[in-house]
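Quick note: residue numbers are just sequence positions, from 1.
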Amino acid sequence: MAKHIIYNASVTLNAVDLSDHCKKVEFTVETNGQDAAAMADIEDYEMPGTRKVSPITIEFYQDYAASKVHQTLIALWTARTSFNVVVKPDSAAAASTNPQFTVSCFLKSLPVVSGSRGDAHMASVTLQPAALMTISAP
């Protein structure tokens, strides 16, 4: 089985491709466990319950230009709206070897200014899922 090195991920927020400013993207899918042990059982155990998409965190190199990081995100924060977040491991077309994950989210956390003198100005944002995730792998 081939191994994958991530170096060209695709990150699109509200149809704006911000991949060229993305340093790191991370989101996790989980299964909530439900207690399943009965009175006579001497061990605790769980059964798989509902699924959950954890908040998506993205670390961007900050940019205040039109249609870039700050302008895109501050408009979404101001509007208090949900929008689609589309992430692919590679910028190529969606395929079975390059699945496309789409989640409707709202902007939960947006640092306006963050860093010390001489640092690269970064914006680590938190996006809260607001609907089901879809996975496209034609």
Query raised in the report: Which hydrophobic side chains are connected to M47, either touching it within the sub-4.5 Å cutoff or through other members that do?
Result: none
**Report entry** Other cluster members, V112 - Ile/Leu/Val/Met/Phe/Trp/Tyr, side-chain contacts below 4.5 Å
**Finding:** Y64, V113
Requested in this report: Using atom types as modelled and distance alone, determine if a side-chain donor or acceptor of N98 lies under 3.5 Å from a backbone N or O of D90.
Outcome: yes
Query - Backbone N/O of K68 and side chain of D63: donor-acceptor pair under 3.5 Å - result: no
Quick one: pull up [atom1] in [X] and [atom2] in [Y] and give me the separation to the nearest 0.5 Å.
X: C22; Y: E59; atom1: SG; atom2: CD; answer: 8.5 Å
X: H21; Y: M122; atom1: NE2; atom2: CE; answer: 10.0 Å
X: C105; Y: F83; atom1: SG; atom2: CZ; answer: 6.0 Å
X: I6; Y: K24; atom1: CD1; atom2: NZ; answer: 10.5 Å
X: F60; Y: D20; atom1: CZ; atom2: CG; answer: 10.0 Å
X: H121; Y: Q62; atom1: NE2; atom2: CD; answer: 5.0 Å

Show the nearest heavy-atom pair for residues [X] and [Y], with the distance to one decimal.
X: H4; Y: P89; value: CE1-CB, 3.8 Å
X: Y61; Y: V69; value: O-CG2, 3.5 Å
X: V103; Y: A131; value: CG1-O, 4.2 Å
X: F106; Y: S82; value: CB-OG, 4.3 Å
X: S67; Y: V16; value: O-CG1, 3.6 Å
X: S10; Y: S91; value: CB-CA, 3.9 Å

Are the side chains of [X] and [Y] in touch, meaning some heavy atoms are under 4.5 Å apart?
X: V53; Y: F101; result: no
X: V125; Y: P111; result: yes
X: T12; Y: L18; result: no
X: V87; Y: I58; result: no

Only distances under 3.5 Å count here; give the side-chain donor-acceptor pairs of residues 27-45 to other protein atoms, sequence neighbours excluded, each with its distance to 0.1 Å.
unit_1 : atom_1 : unit_2 : atom_2 : d
E30    : OE2    : S54    : OG     : 2.6
N32    : ND2    : T50    : OG1    : 3.1
D41    : OD2    : A38    : N      : 2.8
D41    : OD2    : Y45    : OH     : 3.0
Y45    : OH     : A36    : O      : 3.3

Report task. Would you please test L13 and L127 for side chain to side chain contact (heavy atoms under 4.5 Å, CB included) and show each step? Result -> CA-CA 10 Å; L13 276 60; L127 307 170; 4.2 Å; yes
